[in-house]
Trainee: 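First the structure, which I've put down as structure tokens, then a few questions once you've had a look.
Below, read A as the first sequence line, B as the second, and so on, with proteins coming before strands; counting in each chain starts at 1.
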Amino acid sequence: MIEVHREICAYCGCCVSVCPEGALELVDAYLDIDTNTCINCGLCVRVCPLGALEAKK
Amino acid sequence: MKREYDVLVVGGGPGGAYAAKTFAEKGYSVLLTEKRPAIGVPVRCAEGVGKKLLHEFFKPEDRWIAAEIDKADIIAPDGFKMELEPERAGSEVGYVLHRKIFDRDLIWQAAGAGAEVQVKTRAVSPLMENGAIKGAILEQNGTSHEVRARLTIAADGVESKFSRWCGIDTTVPLREMETCAQYLMTGIDIDPHATEFFVGNDVAPGGYVWIFPKGEKTANVGIGVGGDRCKPGNRPIDYLNRFVKSYFPDGKTIELIVGGVSICQPLPCTVADNLMIVGDAARVSDPLTGGGIYAALYTGKLAGEVGAKGLEKGDTSSRNLMPYDKTWRESYLGKALERNYQIKEVFVKLNDDDLNAIIHSVAKMNMSDFNTLNLIKNIITANPKVALKLGKAGLKNLIDSF
Ligand SMILES: Cc1cc2nc3c(=O)[nH]c(=O)nc-3n(C[C@H](O)[C@H](O)[C@H](O)COP(=O)(O)OP(=O)(O)OC[C@H]3O[C@@H](n4cnc5c(N)ncnc54)[C@H](O)[C@@H]3O)c2cc1C
Ligand code: SF4
Ligand code: SF4
């Protein structure tokens, strides 16, 4: 499970571009995760310039 | 908002704005849809653009220009500073813009030419009919609207979801996603007419730190690092904070900007039936510099010109839109992207010793001899080890790409 720390995220879209499944989307000023398509690859967690994403077991 | 247009443009950055303007000027009905409530904010840019490149499109308005730049400095990992005067810095010198104003003015121009603009209106999926794109479903104020269009322009920037929904893979490989953080700082001691670039694996692995002045004592101070080098404690924001702490301890931060630039190769094809992809969405930002303003304007305008011909003929099939793809690839832009991709592939592999050696030897070169072949000869003679590292293939790539 990927968790977005909204208090850290500055909705830049970096994570959206690397997600191989298209599971992320920026809806105006918040990031939406489609948990049904996410494969927990963790690429989005790696790329975030602020560290706003966390992979949770 | 009407239910049908000739052209639907998804995204209100420079690419979308210029495409909308071009179509509208030719008399087509255009809807430009932007998901953010305001054009151009938050800024996702260091705002540097080459003078000559910008002049290709218009005479810039004074209010767009934050600073005029006449030289660029490159700072090696060992602290050695190489000055690039205009002749050598090429398109890297020019203007530092106010993108908030610039982007909005471009939309203004598109609206002035007759395009309709909707903000806080997000494309949520393409409208498909018999396997072909026929517009999009837009969400505005919690309501969905079906908007039909003969031609749709995907100008949705680095996120590039629209093309993905149309079945085109736009995923950027992690290592080719330059992940960035930037502060707009004031109260700092800088040369207001020089840009500075710091390279090295301590300051910015797989990328660089930039200082782009925006007037006296004010500048965009930012950093981009390769996505694969980004780790907890060593994210762009961490590198930036360390840099700022040591270079501008008394500076004041008045804005935080984060974002990503793709430094991969362009999409293998930037058209489909009734669809054209422009700007960052087409992955045409420069893989070496990360610059994408020019590319967005260029592809936006070209899409307008080629797309209009298709509309006129009543044929917007991918075959008929293909001249767009072909033209930009063969243009100055396409060639620069190809060349800079090869250089970038070498650049990201260099360690600090290599970088020091290269920058020192380039600085020694006589300006009148400054061309790529000479540059490479110089690198080889001065630093055989670097040459070995690049390998025959690397060097050949580098030479071929010029
Ligand atoms: C930190 C950083 C520094 C940079 N520095 C420079 C620089 O110094 N010089 C330079 O030339 N370039 C620079 N760039 C790159 C430059 O900002 C981009 O290349 C440029 O903005 C691309 O323009 P565009 O029109 O393609 O996309 P954008 O300007 O990104 O516009 C895309 C628009 O589409 C909207 N959108 C997305 N999805 C949807 C949807 N589904 N529905 C409706 N709207 C949507 C977005 O909200 C956005 O407004 C930098 C980028 C970053 C991140
Ligand atoms: S990369 Fe980080 S800051 Fe940017 S949108 Fe994703 S979670 Fe937010
Ligand atoms: S973990 Fe992978 S699949 Fe899931 S949202 Fe992040 S990048 Fe996408």
Trainee: Kindly indicate whether the side chain of A:Tyr11, heavy atoms from C-beta on, has any atom under 4.5 Å from the side chain of B:Arg44.
Mentor: yes

Trainee: Side chain, backbone, both or neither: which part of B:Ser160 has an atom under 4.5 Å from a heavy atom of chain A?
Mentor: neither

Trainee: Please indicate whether B:Glu146 has more than 12 foreign heavy atoms, meaning atoms of other residues, nucleotides or ligands, lying under 6.0 Å from its CD.
Mentor: no

Trainee: Please tell me if the side chains of A:Leu50 and B:Arg235 come closer than 4.5 Å, counting only heavy atoms from C-beta onward.
Mentor: no

Trainee: Please determine, among A:Pro49, A:Cys14, A:Cys12, the option with the most heavy-atom pairs under 4.5 Å with chain B.
Mentor: A:Pro49

Trainee: So, the side chain of A:Arg46 versus the backbone of B:Asp228: is there a donor-acceptor pair under 3.5 Å, distance only?
Mentor: yes

Trainee: Is B:Lys35 paired with A:Glu25 through a side-chain N to carboxylate O contact shorter than 4.0 Å?
Mentor: no

Trainee: Looking at A:Leu26 and B:Arg122, what are the two nearest heavy atoms and their distance?
Mentor: O-CD, 4.1 Å

Trainee: Name the region of B:Arg283, side chain, backbone, both or neither, that has any atom closer than 4.5 Å to a heavy atom of chain A.
Mentor: side chain

Trainee: If we ignore hydrogens and angles and just use 3.5 Å, is the side chain of B:Lys161 paired with the main-chain N or O of A:Leu24 as donor and acceptor?
Mentor: yes

Trainee: Under 4.5 Å from any heavy atom of chain A, what part of B:Asp169 do you find: side chain, backbone, both or neither?
Mentor: neither

Trainee: Tell me, out of A:Gly51, A:Cys15, A:Cys44, A:Gly13, who's got the most heavy-atom pairs with chain B below 4.5 Å.
Mentor: A:Gly51

Trainee: Checking B:Val158 against A:Ser17 for the side-chain contact (heavy atoms from CB on, under 4.5 Å) test, could you report, in this order, the C-alpha distance in whole Å, the side-chain angles of both residues, the deciding distance, and whether it holds?
Mentor: CA-CA 6 Å; B:Val158 74; A:Ser17 329; 3.8 Å; yes

Trainee: Can you tell me if B:Thr179 uses its side chain to pair, donor with acceptor, with the backbone of A:Cys48 under 3.5 Å?
Mentor: no

Trainee: Which atom names give the shortest non-hydrogen contact between B:Thr171 and A:Pro20, and what distance separates them?
Mentor: CG2-CA, 3.7 Å

